[in-house]
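Heavy-atom basis, side chains included; hydrogens, waters and symmetry copies ignored. One-based numbering, in listed order, for ligands and for the atoms of each.
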Amino acid sequence: MGNYNIAVVAGDGIGPEVTKEAMSVLTAIGEKWGHTFTFNEVLAGGCAIDAYGECLPESTLDACKAADAVMLGAVGGPKWDNVANAQRPEKALLGLRKELDLFSNLRPAKIYDALADACPLKAEIVEGGLDILIVRELTGGIYFGERGYREGKYGNEAYDVETYSEMEISRILKNAFEVAMQRGKKLCCVDKANVLESSRLWRKVAEEMKSDYPEVELSYMYIDNAAMQMVRNPKQFDVIVTSNMFGDILSDEASMITGSIGLLPSASLNGTNKGMYEPIHGSAPDIAGQNKANPVAAILSVAMMLQYTFHLSAEAEAIENAVTAVLEAGYRTGDIYSEGMIAVGTKEMGAEILARI
Ligand code: IPM
Ligand code: MG
């Protein structure tokens, strides 16, 4: 039994609707297992620009730093597309990642049996299911490297630099090796080592570390080939570890092949397993406030929170089982609806999951 303080950054668009369902599920878990989850709701993203004139107010950052874990809905929307770069809602996300030192981003891509038809690939390619975990470096590389404008040979030019230190590489690889140990014991390091110096450093560090994990089968793949293999034969992958930008791209591709972007959670962890948990889908402003969004990704994100930050595996599993049961019972939000299924909205989907906790 424990007391857990969670900062909730519901954000924009469908963020508030889906995080509300996730909070209800956590509360139900607390009632059943005798834990107390306390929620501190704070603003970031577009809604914070509207309320405070900045996308990541100091008070929000402080609340997130003080919390045991952070739950995030989604940020951004067309309303704020024209605000200055430094205050774009996406900056709130990058700021939270950097300030909380959340360098390790776990993005699972899994096909649910009940939703196998939603996969856009031919059935034989994904036969027997698909369960990939992408470990994306989240606070380094080109996202946070030196950038700017300068006078070049042809006049004004812009640049963004990819930099990785051995420290940054070894800490993300350590996480990746460790999660691989808990899964299928296969780790594929995706890079562009035929061109990039920084990729060659990733390989050097991985080679130095691999003897610490003799059970893990380590391989390397260039990013272009990996993007191709992801649709040609995705079942070859267990855990993929990669840089910030390659992970950004590859994780969207992996989520698409599950056919159910509304179902996928993610965790962003620091070195002590404090984390920020968020659905991988965006703010979907077109359906916001209409009880149409799928709350499953947000609900599965709190299952990841229970597992990775609070080490409450039984409770996490209870959520995952409830979600599987609801999908098997045929309940579907619009994004995953197919004929003959039971169409429900955000609240009803949340209630069905809650009823099975
Ligand atoms: C993601 C998103 C973000 C990223 C954007 C919104 C800054 O695409 O979490 O994958 O590029 O990291
Ligand atoms: Mg992305």
Side-chain angles (χ1 to χ4, degrees), residues 9-15 18-19 43-49 54-56 60-61 64 70-110 132-145 147 160-164 168 172 190 223 226-227 230 240-258 260-270 275-286 288 297-298 300-301 304-305 308:
V9 183
D12 308 315
I14 60 173
V18 296
T19 46
L43 300 185
C47 57
I49 296 175
E54 49 183 337
C55 63
L56 183 57
T60 295
L61 201 51
C64 291
V70 180
M71 179 191 335
L72 188 128
V75 294
K79 182 175 174 196
W80 305 282
D81 273 352
N82 294 320
V83 298
N85 265 347
Q87 291 302 334
R88 284 185 64 94
E90 291 80 3
K91 282 274 170 183
L93 207 52
L94 298 177
L96 281 166
R97 290 171 181 171
K98 194 69 176 177
E99 291 290 328
L100 300 176
D101 203 19
L102 306 172
F103 63 85
S104 178
N105 184 209
L106 310 184
R107 299 192 162 186
K110 188 176 154 179
I132 299 173
L133 180 67
I134 295 182
V135 180
R136 170 189 177 194
E137 200 291 326
L138 202 59
T139 54
I142 198 166
Y143 272 59
F144 294 96
R147 74 182 80 243
D160 301 89
V161 180
E162 171 93 345
T163 307
Y164 271 111
E168 290 172 299
I172 187 74
V190 169
I223 178 67
M230 188 64 78
I240 289 174
V241 65
T242 191
S243 65
N244 203 343
M245 185 149 78
F246 293 159
D248 177 45
I249 299 166
L250 212 54
S251 62
D252 264 26
E253 188 187 12
S255 67
M256 182 61 218
I257 65 175
T258 71
S260 45
I261 207 163
L263 298 187
L264 300 179
S266 75
S268 306
L269 306 173
N270 73 3
M276 180 161 86
Y277 297 84
E278 58 183 298
I280 69 153
H281 61 68
S283 57
D286 52 320
L300 288 173
S301 295
M304 287 188 93
M305 179 190 291
Y308 289 98

Margin query: Quick check: closest heavy atoms across Ala44 and Ala92, and the distance to 0.1 Å?
Written below: CB-CB, 4.2 Å
Checklist line | Close side-chain approach of Met230 and Ile257, heavy atoms under 4.5 Å | finding: yes
Note to self: Can you list every protein residue that has a heavy atom under 4.0 Å from any atom of ligand 1, sorted by chain and residue number?
What the structure shows: Glu90, Arg97, Arg107, Arg136, Tyr143, Asp248
Next item on the list: Report the residue from Asp101, Asn105, Leu106 that forms a side-chain contact (heavy atoms from CB on, under 4.5 Å) with Ser268.
Entry: Asn105
Notebook entry, point to check: Are Phe103 and Glu168 side-chain neighbours, meaning at least one heavy-atom pair lies under 4.5 Å?
Noted result: no
Margin query: Counting neighbours of CG on Asp81 that are heavy atoms of other residues, nucleotides or ligands and sit closer than 6.0 Å, is the number greater than 12?
Written below: yes
Notebook entry, point to check: Which pair of heavy atoms, one from Leu264 and one from Pro108, lies closest together, and at what distance?
Noted result: CD2-O, 3.8 Å
Notebook entry, point to check: Between Met71 and Tyr277, is any pair of side-chain heavy atoms under 4.5 Å apart?
Noted result: no
Notebook entry, point to check: Which protein atoms of type N, O or S are found under 2.8 Å from the Mg ion (ligand 2)?
Noted result: Asp248 OD1
Item checked: Contact check, side chains of Leu263 and Thr258, non-hydrogen atoms, under 4.5 Å -> no
Notebook entry, point to check: Is Leu138 close to Asn244 at the side-chain level, that is, under 4.5 Å between some pair of heavy atoms?
Noted result: yes
